[in-house]
Amino acid sequence: MKMDWLTDADLTPLVAPLNPAQKEAVTAPPQPRLVLAGAGSGKTRVLTHRLAWLIAAEGVSPHSILAVTFTNKAAAEMRGRIEQLISVPVRALWVGTFHGIAHRMLRRHWQQARLPQNFQIIDADDQMRLVKQVLRGLDLPDDRWPPRSVCGFINARKEEGQRPQQLQDQGDYSQRQYVRIYTAYQNACEVSGLVDFAELLLRAHELCRDNAEIQAHYRRSFRHILVDEFQDTNTLQYAWLRVLAGDSGILFAVGDDDQSVYSWRGARVENMLRMEHDFPGARIVRLEQNYRSTGTILKAANGLIAKNSNRLGKNLWTAAGDGAAIQLYAAYNEIDEAEFVALRCAEQRAAGRLCELAVLYRSNAQSRVLEEALIRHRIPYRIHGGLRFFERMEIKDTLAYLRLLANRDDDASFERAVNTPARGIGATTLERLRAVARQQQRCLWQTAQTQAAELGRSAAAVQKFLRLIEQLATDTAGQPLSATMALAIERSGLREHYQTAAAGSRGGGEQAQARLDNLDELVNAARSFERPPEDSALDPLTSFLAHVALEAGEQQAEAGEDCVQLMTLHAAKGLEFPAVFLVGLENGLFPHARAVDEGNLEEERRLCYVGLTRAQRQLYLSYAEVRRIHGAEQRGAPSIFLREIPAECMVETRPRSGVLRSLPPASCAPHRTVSAASSISEALPGGYRLGESVRHAKFGEGTILSFDGSGERTQVEVRFKSSGTKRLLLSMARLERG
DNA sequence: GCAGTCGTCATTTTT
DNA sequence: TGACGACTGC
């Protein structure tokens, strides 16, 4: 049954580089498998080799395999690596993100999915705007119904597979309003032919679940389903996979429960356990040999994560040596901490490349002080995160015009474009249009056409806008995408708008110039997109817009320069660096007080585990005794995680001199090392633990957020349910265990 | 429509 | 402390 892609001899490169566990996973018989892939254990390798193995050794047709990832980056990497392994046309493979695959199906079966052929995808920002409009339409004040929460509600419902009509009225007023908003929002999307991210998945799931023909088609097609980062799947994604697999589809899931750090956005680690029940014959394969880090780093990581309960269980080991000890730096304050990082970076600059260094932190706000220190030391750095190219204001402004060209029903784009740049169509006019549109159940564009004459003062402006779009449509018909783009930027007045801003005020001029450059870049992007990739039944414009929505692009293209990498722990997941600084290891900051409060200490610990396992050779940990948080100086205790890392893995390093220290220890030689055990290992008197519930005679019930000091002077910070957060002297507070 | 001012809020984020 | 959104006055 072997296909002629490869001969037997060619199978060698597929299995030769694998260790026994990897080989077991890759060459497993066609049965469901859950591969528990520890950090740095060759997860991607197993996934790609498995895929290649199925084709080359099992004779599976490339068309019968579906491989799903979470990010575009992961999908691209998989494609690239498969290409290197076997000579199979990668385009024949269904390799993509959950959203990308769902999108592909919905475009194919738009009629069955009950979508307009030219439906458009909206991103989180568009969704928020739309929700705000809907709230206005329902006359609900957005301080009582915060758009953020509403979006959260809608997305959470969709990710649970719930439509508004399926939500039961529990007699709760607030709940009822949320359902009402959800209904109205969904209605607005239908009218405008818009699909948000969660909707892509939900529609695709419903399509495959409810349409017998389509279901049979894809079940026949996808004999094998491979999933990456399985611990991050949400309820809906899991349900969809089950529908696609049916009784005979074979699921090969790769994930690591210890790296599950996205429960707050719907990820369900439980899916890993459910899989064993839902897919008969499923077996677990553990990948525990680590190829990334030193023995010391792994020992630290293993020691830490062992404190978690409810694990599937796994112990990383390496054939490499112990390597250098982990260095722990007790900084006086956050400036001192940043200075330590910058100095070490400066040292490393001579030894190696700066891009081998990463600074990881829990929350974005921590980056500022680090940046300032790096700038002082003239060390180039790059921050991952923040606004990406296609999320920039000027880009989204331009895209609104293009979306309106593609689809006049798109109210969200109409709202955005109609008065950007300002052309005298203000809030009053718009509100009038919206009211009529709602009443007549029509889109804004149609309403504007019929009502223009009755709009009084702004009638002319509205009519001019309508003509602008129509004229643009006529003039760009049949033109290449980039030409359409360029013309839209000119005619809309957007270029002029930013040009005046650039020429004007000195302060904002620089930013306006950057915006102009971005507009040029957008035209360039369109140019390189003029031959649409697959499924080109779509017109190039819709195809481009979908691409833009699904792949918002890199944050900054300037990857050229060699620089230190700064990012949050979440953003670091999946990456590795020769040397890693993990900063801000203080209770309250990391683990974050809010997470502890919400009972998510274990997820914080997993996040720390992710951080530790990013390092290949050298790991630096640091905390500040005092830190400015929201303007106020706060004394924080070393993170509970520092006590959970085996003390023998760490050495404590002290500052060069006491310049920034209030009280430099006199005997403190530069880089003096002492045992870390002293300062962080003692237990909290009374044996209290972080996150533990306690009761206070006066303040009632609360949760321990952090503690510092020692012995008689130990202080605890407790968040009380009714009276807020208080700092108490442990010996005086007479807390009871709750 | 814009600039200036005030009040509020402050974890993590891909698609 | 500082960023952002809402509001106010020209």
Side-chain angles (χ1 to χ4, degrees), chain A residues 68-75 96-103 121-128 132 141-143 146-148 151-152 155 158-159 195-202 204 229 232-234 236-237 260-267 334 360-369 384-388 390-391 419-428 458 461 497 501 504-505 507-508 546-553 555 567-574 584 588-598 600 603-604 606-608 610-611 627-634:
Chain A
V68 207
T69 63
F70 274 84
T71 65
N72 292 301
K73 201 174 149 202
T97 62
F98 275 100
H99 294 84
I101 306 268
H103 175 241
I121 303 166
I122 56 171
D123 66 14
D125 181 60
D126 299 327
Q127 185 185 36
M128 182 87 89
K132 282 181 185 164
D142 56 8
D143 47 340
R148 269 183 61 95
C151 284
N155 293 333
K158 290 188 177 187
E159 279 161 18
V195 170
D196 61 47
F197 287 133
E199 185 71 21
L200 281 173
L201 299 178
L202 182 50
E229 303 277 18
D232 287 339
T233 49
N234 63 31
L236 180 56
Q237 287 159 338
S260 161
V261 293
Y262 283 114
S263 73
W264 50 275
R265 62 177 200 211
E334 76 278 8
L360 312 183
Y361 37 82
R362 175 67 237 263
S363 70
N364 288 305
Q366 291 170 255
S367 74
R368 225 195 69 240
V369 183
H384 294 242
L387 266 198
R388 283 139 13 126
F390 289 116
E391 290 168 353
N419 205 33
T420 321
R423 43 174 77 87
I425 304 170
T428 326
S458 45
H497 175 70
S505 61
H547 166 81
V548 159
L550 289 174
E551 291 190 50
Q555 14 278 151
M567 68 194 86
T568 63
L569 285 154
H570 282 92
K573 196 172 141 231
L589 188 59
F590 190 36
H592 199 281
R594 192 140 164 192
V596 175
D597 203 23
E598 288 162 359
N600 294 331
E603 181 151 309
E604 294 288 291
R606 290 194 290 269
L607 194 54
C608 187
V610 166
R627 182 182 297 270
R628 246 193 143 73
I629 292 178
H630 310 327
E633 297 247 298
Q634 290 201 6

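Any value given below was found using the heavy atoms of this structure, including those in side chains, with hydrogens, waters and symmetry copies removed. Naming convention: chains lettered A, B, ... in sequence-line order (proteins, then strands); numbering from 1 in each chain.
- Partners of Glu199(A) under the side-chain hydrogen bond (donor to acceptor under 3.5 Å, both in side chains) rule, at least two apart in sequence or in another chain, are Lys158(A), Arg163(A), Gln186(A), Arg203(A).
- When each of Leu607(A) and Ala427(A) is assigned the nucleotide of DNA chain B bearing its nearest heavy atom, the one mapping closer to the 5' terminus is Ala427(A).
- At a threshold of 4.5 Å between non-hydrogen side-chain atoms, the residues His592(A) and Glu604(A) count as touching.
- Judged purely by atom type and a 3.5 angstrom limit, Gln237(A) uses its side chain to pair as donor or acceptor with the backbone of Asn234(A).
- Rounded to whole Å, the distance from CG on Asp125(A) to C1' on dT14(B) is 15 Å.
- If you take atom C1' in dA3(C) and the same atom in dT14(B), they sit 24 Å apart, rounded to whole Å.
- Side-chain N/O atoms of Ser363(A) include none lying less than 4.0 angstrom from OP1 or OP2 on dA10(B).
- To the nearest whole angstrom, the two P atoms, one in dT13(B) and one in dC4(C), are 15 Å apart.
- When rounded to the nearest whole Å, the span between NE2 of His497(A) and P of dC2(B) equals 7 Å.
- Evaluation of the ring-ring contact (aromatic ring centres under 6.0 Å, His included) rule for His547(A) yields Phe529(A) as partners, not counting sequence neighbours.
- If you measure from atom CD of Gln366(A) to atom P of dT12(B), you get 9 Å, rounded to the nearest angstrom.
- Atom CG of Leu200(A) and atom P of dT15(B) are 13 Å apart (whole Å).
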Could you walk me through whether Glu334(A) and Arg627(A) pass the salt bridge (charged side-chain N to carboxylate O under 4.0 Å, His left out) check? CA-CA 5 Å; Glu334(A) 76 278 8; Arg627(A) 182 182 297 270; 5.4 Å; no
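- Note on Glu598(A): a base of the nucleic acid sits closer than 4.0 angstrom, heavy atoms only.
- Between Asn364(A) and dT11(B) there is no side-chain polar atom (N or O) within less than 4.0 angstrom of OP1 or OP2.
- Residue His592(A) places at least one side-chain N or O closer than 4.0 Å to OP1 or OP2 of dT11(B).
- Closest-nucleotide positions on DNA chain B for Ala365(A) and Ala552(A) were compared, and the one nearer the 5' end corresponds to Ala365(A).
- Note: CZ (Phe590(A)) to P (dA10(B)) measures 20 Å, nearest angstrom.
- Among the protein residues, Asn419(A) comes within range of the sugar-phosphate backbone only, with heavy atoms under 4.0 Å from sugar or phosphate atoms but none that close to a base.
- Here the P atom of nucleotide dG1(B) and the CZ atom of Arg423(A) are 12 Å apart, to the nearest Å.
- Applying the 90° criterion around 0 to the glycosidic angle, dT11(B) comes out syn.
- At dT12(B), none of the side-chain N or O atoms of Arg594(A) fall inside 4.0 Å of OP1 or OP2 (strictly under the cut-off).
- Applying the ring-ring contact (aromatic ring centres under 6.0 Å, His included) test to Tyr361(A) and every residue at least two apart in sequence or in another chain returns nothing.
- Asn72(A) comes within 4.0 angstrom of sugar-phosphate atoms only, judged by non-hydrogen atoms across all strands, and of no base.
- Here the side chain of Trp264(A) is nearest to one of dT13(B), dT15(B), dT11(B), namely dT13(B).
- Side-chain atoms of His570(A) lie closest to dT13(B) of the nucleotides dT11(B), dT13(B), dT15(B).
- Without hydrogens or angle criteria, Asn72(A) side chain to Leu550(A) main chain gives a donor-acceptor distance under 3.5 Å.
- His99(A) meets the side-chain hydrogen bond (donor to acceptor under 3.5 Å, both in side chains) test with no other residue; sequence neighbours excluded.
- One P atom belongs to dG5(C), the other to dT12(B), and the distance between them is 16 Å to the nearest Å.
- In this structure, His384(A) atom NE2 and dT12(B) atom C1' are separated by 16 Å, rounded to whole Å.
- Not counting sequence neighbours, Phe390(A) has no partner by the ring-ring contact (aromatic ring centres under 6.0 Å, His included) test.
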Pairs under 3.5 angstrom, nitrogen or oxygen only, protein versus nucleotides 1-10 of chain C, please.
none

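- Nucleic acid contact class of Glu604(A) (heavy atoms, under 4.0 Å, all strands): base.
- In this entry the distance linking CG of Asn155(A) with P of dT13(B) reads 17 Å, nearest Å.
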